[in-house]
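Below: one structure, written as structure tokens.
Numbered from 1 within each chain, the chains take letters A, B, ... in sequence-line order. In what follows, every heavy atom counts, from backbone to side chain, and hydrogens, waters and symmetry copies are set aside.
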Protein chains: 2
Amino acid sequence: MGLMTQTRWLDEREKAAWRGFLEASHRVERRLEQQLKEESGLSHPQYEVLVLLADAPGRELRMTELAHALITSKSGLTYQVGQLEKRGYVRRRSCPTDVRGIFAQLTDEGYEALREAAPGHVAAVREALIDVLEPDELTVVAEALSRVGHRLR
Amino acid sequence: MGLMTQTRWLDEREKAAWRGFLEASHRVERRLEQQLKEESGLSHPQYEVLVLLADAPGRELRMTELAHALITSKSGLTYQVGQLEKRGYVRRRSCPTDVRGIFAQLTDEGYEALREAAPGHVAAVREALIDVLEPDELTVVAEALSRVGHRLR
DNA sequence: AGTTCATCCTTCAAATTTGAACAACACCGC
DNA sequence: GCGGTGTTGTTCAAATTTGAAGGATGAACT
């Protein structure tokens, strides 16, 4: 920091991209949060947990894997999985090969809840983001933002 | 919802765009939060408040305007402005033309804090997002995401 | 002036998030 | 086998966020 003599400020185009990115991510997040809570009683983090588990082999994942995939803190995940467990959507199972490890496993009730929540969620994702983009924009956004995400790992 | 007979699920390209968007927004947010807190002792919301005030005429804005611009709740803004006030970065001033209204005004100390925080923040924004995008990608992302944001107002 | 309805900001309790601290264990090389 | 090192998941307190509720005012209309 002390070595930097001059700052490369953002020009107008760059500022527009940054502002657009910020506003879009906040508003989309807010909209999805609202839609999910309203129609399914789930928070977005909770919904994401269910999705990841449903796609996983045996419908279960280690807590740490889940935390990484959700880009959240370990303690935050502990809390959310606790909430889902209270509702009977998830069950904890200890790992056979590693005594420390815990599997979070999707229950049938959890799978059913996801089944019911998914259509409304996907519709909201389309309305907020996907269907707003032209086909070529979709391609560029997917490619570019994936790179952005990967570089921050 | 009850009228929808079939859901238009996301195909691979759409799913990639959605996942990319989600991961990028979470990781970028996380990185900026960390950078700011580390180098300036500010949270991202707090930094954004300072930026908006610095750009406003008289370096002040109404609480409601701030809340809208930050895409946050009114009570959330009350809290953050309270924090900034404690540090002497912001001062509250009641509105002459509307007794209910409150102006949040940037102090000289606040301006100075922003001045010191800005270079590191901009560098982080470049490293996380802007400089990761090709010039043509930047244009598309700016245009497309701005539209996404606008449609959710 | 009175009435009605919307707006402004704050307060409050509850929910959530965060990071540090912790205890138990796996893994690796010696 | 044994220490040293890194992981794993939870717990705890503190910080933050949220939405509902409320008190006070503005604005428009009669």
Side-chain angles (χ1 to χ4, degrees), chain A residues 25-27 29-49 52-53 60-87 89-105, chain B residues 25-27 29-38 40-49 52-53 60-87 90-105:
Chain A
S25 62
H26 284 164
R27 288 205 192 278
E29 185 61 46
R30 205 158 249 275
R31 161 69 89 227
L32 291 190
E33 193 70 45
Q34 168 198 344
Q35 184 277 325
L36 277 172
K37 200 142 322 190
E38 213 158 86
E39 296 181 22
S40 313
L42 290 168
S43 69
H44 195 199
Q46 289 170 355
Y47 181 87
E48 289 294 324
V49 169
L52 287 176
L53 292 182
E60 61 181 6
L61 283 174
R62 291 283 295 269
M63 294 295 280
T64 295
E65 295 184 78
L66 262 179
H68 286 326
L70 295 181
I71 315 174
T72 189
S73 63
K74 288 178 299 181
S75 55
L77 181 66
T78 293
Y79 175 78
Q80 288 299 354
V81 167
Q83 296 300 305
L84 289 171
E85 205 172 19
K86 277 186 192 170
R87 301 195 193 178
Y89 291 172
V90 159
R91 134 182 71 243
R92 283 178 215 249
R93 198 171 73 78
S94 58
C95 175
T97 66
D98 187 338
V99 187
R100 301 165 305 174
I102 300 280
F103 277 111
Q105 183 173 43
Chain B
S25 61
H26 284 164
R27 288 205 193 279
E29 185 61 47
R30 204 156 250 274
R31 161 69 87 227
L32 290 191
E33 194 69 46
Q34 168 199 345
Q35 184 277 325
L36 277 171
K37 199 141 323 190
E38 212 157 88
S40 313
L42 290 168
S43 70
H44 194 199
Q46 289 170 354
Y47 181 87
E48 289 294 322
V49 169
L52 286 177
L53 293 182
E60 62 181 4
L61 283 173
R62 291 283 293 270
M63 293 297 279
T64 294
E65 295 185 79
L66 261 180
H68 286 325
L70 295 181
I71 313 174
T72 188
S73 63
K74 286 179 296 181
S75 56
L77 181 66
T78 294
Y79 175 77
Q80 288 298 353
V81 168
Q83 296 299 307
L84 290 171
E85 205 173 19
K86 277 187 193 169
R87 300 196 195 179
V90 160
R91 132 181 74 242
R92 283 177 214 250
R93 199 169 72 79
S94 59
C95 175
T97 67
D98 186 339
V99 188
R100 300 166 305 174
I102 301 281
F103 277 111
Q105 183 172 43

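Contact of the A/Arg62 side chain with the A/Cys95 side chain is registered, since non-hydrogen atoms from C-beta on lie closer than 4.5 Å.
Closest non-hydrogen pair, A/Arg92 versus A/Gly82, comes out as NH2-N, 3.4 Å. A/Leu77 and A/Ala67 make their closest contact through CD2-N, 3.5 Å (heavy atoms, listed as atom of the first residue, atom of the second, distance).
In this entry the distance linking CZ of B/Arg62 with C1' of C/dT7 reads 9 Å, nearest Å. Note: CD (B/Glu60) to C1' (C/dC9) measures 16 Å, nearest angstrom. One can place CG of B/Leu70 at 15 Å from C1' of D/dT16, the figure rounded to the nearest angstrom. Across the protein-nucleic acid pair, B/Glu33 atom CD and C/dT17 atom P stand 14 Å apart, rounded to whole Å. Rounded to an integer number of Å, the gap from B/Glu38 CD to C/dT18 P is 16 Å. One can place NZ of A/Lys86 at 12 Å from C1' of C/dT16, the figure rounded to the nearest angstrom. Atom NE2 of B/His44 and atom C1' of D/dT16 are 16 Å apart (whole Å). Taking atom CD1 of A/Ile102 as the reference point, atom C1' of D/dT10 lies 9 Å away to the nearest angstrom.
Considering only residues two or more places apart in sequence or on other chains, A/Arg100 meets the salt bridge (Lys or Arg N to Asp or Glu O under 4.0 Å) condition with A/Asp98. For A/Gln80, the side-chain contact (heavy atoms from CB on, under 4.5 Å) test picks out A/Ser43, A/Pro45, A/Gln46, A/Gln83, with sequence neighbours left out. B/His26 pairs by the ring-ring contact (aromatic ring centres under 6.0 Å, His included) definition with nothing, not counting sequence neighbours.
Partner A/Leu53 forms a side chain to side chain contact (heavy atoms under 4.5 Å, CB included) with one of A/Val81, A/Leu84, A/Leu61 and no other, that one being A/Leu61. Checking A/Leu36, A/Leu52, A/Leu32 one by one against A/Tyr47, the side chain to side chain contact (heavy atoms under 4.5 Å, CB included) holds for a single residue, A/Leu36.
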Practice prompt. Applying side chain to side chain contact (heavy atoms under 4.5 Å, CB included), run through A/Tyr89 and A/Leu42 and close with a yes or a no.
Written response: CA-CA 11 Å; A/Tyr89 291 172; A/Leu42 290 168; 4.0 Å; yes
Fill in: side chain to side chain contact (heavy atoms under 4.5 Å, CB included) evaluation trace for A/Arg31 with A/Gln34
CA-CA 5 Å; A/Arg31 161 69 89 227; A/Gln34 168 198 344; 3.4 Å; yes
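To the nearest 0.5 Å, atoms CD1 (A/Ile71) and CD (A/Glu48) are separated by 9.5 Å.
Side-chain nitrogen and oxygen atoms of B/Gln80 include at least one within less than 4.0 Å of the OP1 or OP2 phosphate oxygen of D/dT17. Between A/Thr72 and C/dT18, a side-chain N or O to OP1/OP2 separation shorter than 4.0 Å is present.
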Response to the item:
A correct 5'-to-3' footprint of nucleotides 19-26 of chain D, with B, S and - meaning base, sugar-phosphate only and no protein heavy atom under 4.0 Å, is B----BBS
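Note on the helix from C/dA1-D/dT30 to C/dC30-D/dG1: terminal axis deviation equals 30°, with five pairs used at each end and the result rounded to 10°.
Checking C/dT17, D/dT10, C/dC9 against the side-chain heavy atoms of A/Pro45 singles out C/dT17 as nearest.
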Protein-nucleotides 13-15 of chain D N/O pairs under 3.5 Å:
none

